[in-house]
2 protein chains.
Amino acid sequence: MRYLVDTGFELREHEDLDIFLRAAPTRAVLELLASKWTMLVLVALGDGRPMRFNELRRRLEGVTQKMLTQTLRALERDGLLTRTVYPTVPPRVEYRLTALGGGLGKLLTAVTDWSREHVAEMRAARAAFEERAAHQPQGVGTAP
Amino acid sequence: MRYLVDTGFELREHEDLDIFLRAAPTRAVLELLASKWTMLVLVALGDGRPMRFNELRRRLEGVTQKMLTQTLRALERDGLLTRTVYPTVPPRVEYRLTALGGGLGKLLTAVTDWSREHVAEMRAARAAFEERAAHQPQGVGTAP
DNA sequence: CAGTATCCTCCAAGATACTG
DNA sequence: CAGTATCTTGGAGGATACTG
């Protein structure tokens with residue numbers, strides 16, 4: 001099976017934690033977040049309540065089984081959530097953030113909250129930008 | 001010219017701000033962040049100091065001219081940063097976060113700070129996961 | 001210096017079918 | 001219910017060359 005974000009960390013000892021460097025292990029986090037569904041999963045589980053597979057599936061409108069599974073496995077692998085299988089019939093599987101995942105979840109929830117609060121401003125900015133682009137096709141404003 | 005993340009917002013009035021819905025305009029923010037270089041640009045400019053094009057280029061190790069340009073244009077379009085051209089020879093162009101971009105930058109800086117602080121834990125978790133996978137190829141832990 | 005303009009590659013993500 | 005297994009594809013991202 002393959003996982004998302006396979007930047008298998010290679011540095012050790014005095015490794016560079018500058019996020020701007022190509023090989024920085026911290027870029028693994030950025031790549032994880034670059035995956036389309038990761039943020040939504042972390043935010044969905046952010047309140048600490050465990051969720052079942054199909055419960056998550058219904059919550060994240062548009063996610064496919066495959067992508068949800070891949071995303072969950074990637075997060076499990078990195079220790080951000082746990083997967084618990086209850087051997088009942090039918091099977092029941094619960095996903096729950098770890099303490100580690102909870103910390104990141106809080107930060108990402110702040111980001112999604114920010115989105116809700118500022119999406120109108122962004123849309124206005126976009127409209128203004130397209131307006132300008134339409135009127136000055138060469139398109140660059142100059143400074144005084 | 002084409003831009004990253006062209007989810008041209010279509011809803012209006014009572015639009016749904018639930019980030020989990022497919023058409024939620026807030027997903028535009030998530031898609032913006034899903035772009036490989038967006039976070040790094042916002043964090044690099046996060047302290048409020050303007051930066052020139054090649055200065056950013058050097059800072060973000062591995063970014064190509066094309067991707068940096070695209071990323072900056074996308075952020076400018078959404079009102080997160082401003083682009084100022086000083087008509088000198090050679091040309092000088094400065095990028096600076098707007099108040100809007102500054103707010104998002106703060107949140108993303110918190111995320112990159114978190115990465116630096118917890119990357120070791122994530123690596124340990126990953127090693128443990130692979131170890132387990134190697135020993136139990138069928139691979140599922142069951143609950144008590 | 002700060003970009004455009006092309007061409008090309010690769011893989012994240014989707015669609016679909018099957019299963020313990 | 002909660003997955004796995006394949007096949008396919010759009011487009012993000014990279015490489016390279018050229019320019020005001």
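None of the values given here were measured: they were computed from a predicted structure. Sequence lines set the chain letters: A, B, ... in the order given, protein chains first and strands last, and positions in each chain run from 1.
B/L68 has its CG atom 15 Å from the P atom of D/dA15, to the nearest Å. Rounded to whole Å, atom P of C/dG3 lies 12 Å from atom CD of B/E94. Atom CG of B/L60 is separated from atom C1' of D/dG14 by 16 Å (rounded to the nearest Å). One atom, CD of B/Q70, and another, P of D/dA15, lie 14 Å apart when rounded to the nearest Å. For the pair A/L56 CG and D/dA2 P, the interatomic distance rounds to 10 Å; values are reported in whole Å. The nearest whole Å value for the distance from the CG atom in A/L72 to the P atom in D/dG3 is 8 Å. Atom CZ in B/R59 sits about 20 Å away from atom C1' in C/dA2, given to the nearest Å.
Comparing D/dG3, C/dA13, C/dT4 by their closest approach to the side chain of A/S35 singles out C/dA13. Side chain of B/F53, nearest nucleotide from D/dT4, C/dA2, D/dA2: C/dA2.
More than 12 heavy atoms of other residues, nucleotides or ligands shown are found within 6.0 angstrom of CZ on B/R116.
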**OP:** Under 3.5 Å for both distances, Watson-Crick or G-U wobble, that's the pair rule; now give the dot-bracket for DNA chain D, with | marking pairs to another strand and [ ] for crossing ones.
**Re:** ||||||||||||||||||||
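The side chain of B/R92 contributes no N or O atom lying less than 4.0 Å from OP1 or OP2 of C/dA2. The phosphate of C/dC1 (OP1 or OP2) has no side-chain N or O of B/Y95 nearer than 4.0 angstrom. Between A/R57 and D/dG3 there is no side-chain N or O to OP1 or OP2 distance below 4.0 Å. Distances shown here put every side-chain N or O of A/R73 at or beyond 4.0 Å from the OP1 or OP2 atom of D/dA2.
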Between protein and nucleic acid, restricted to nucleotides 14-20 of chain C and to nitrogen or oxygen atoms under 3.5 Å apart, what atom pairs and distances do you find?
from   : atom 1 : to    : atom 2 : distance (Å)
C/dG14 : OP1    : A/K36 : NZ     : 2.8
C/dG14 : OP2    : A/W37 : NE1    : 3.3
C/dG14 : N7     : A/K66 : NZ     : 3.2
C/dG14 : O6     : A/K66 : NZ     : 2.4

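The residues B/E94 and B/R92 are annotated as salt-bridged, a charged nitrogen and a carboxylate oxygen being separated by less than 4.0 angstrom.
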Original post:
Between A/E55 and A/R49, is a salt bridge (Lys or Arg N to Asp or Glu O under 4.0 Å) present by the stated rule, with each step listed?
Top reply: CA-CA 12 Å; A/E55 192 181 358; A/R49 191 176 66 85; 2.9 Å; yes
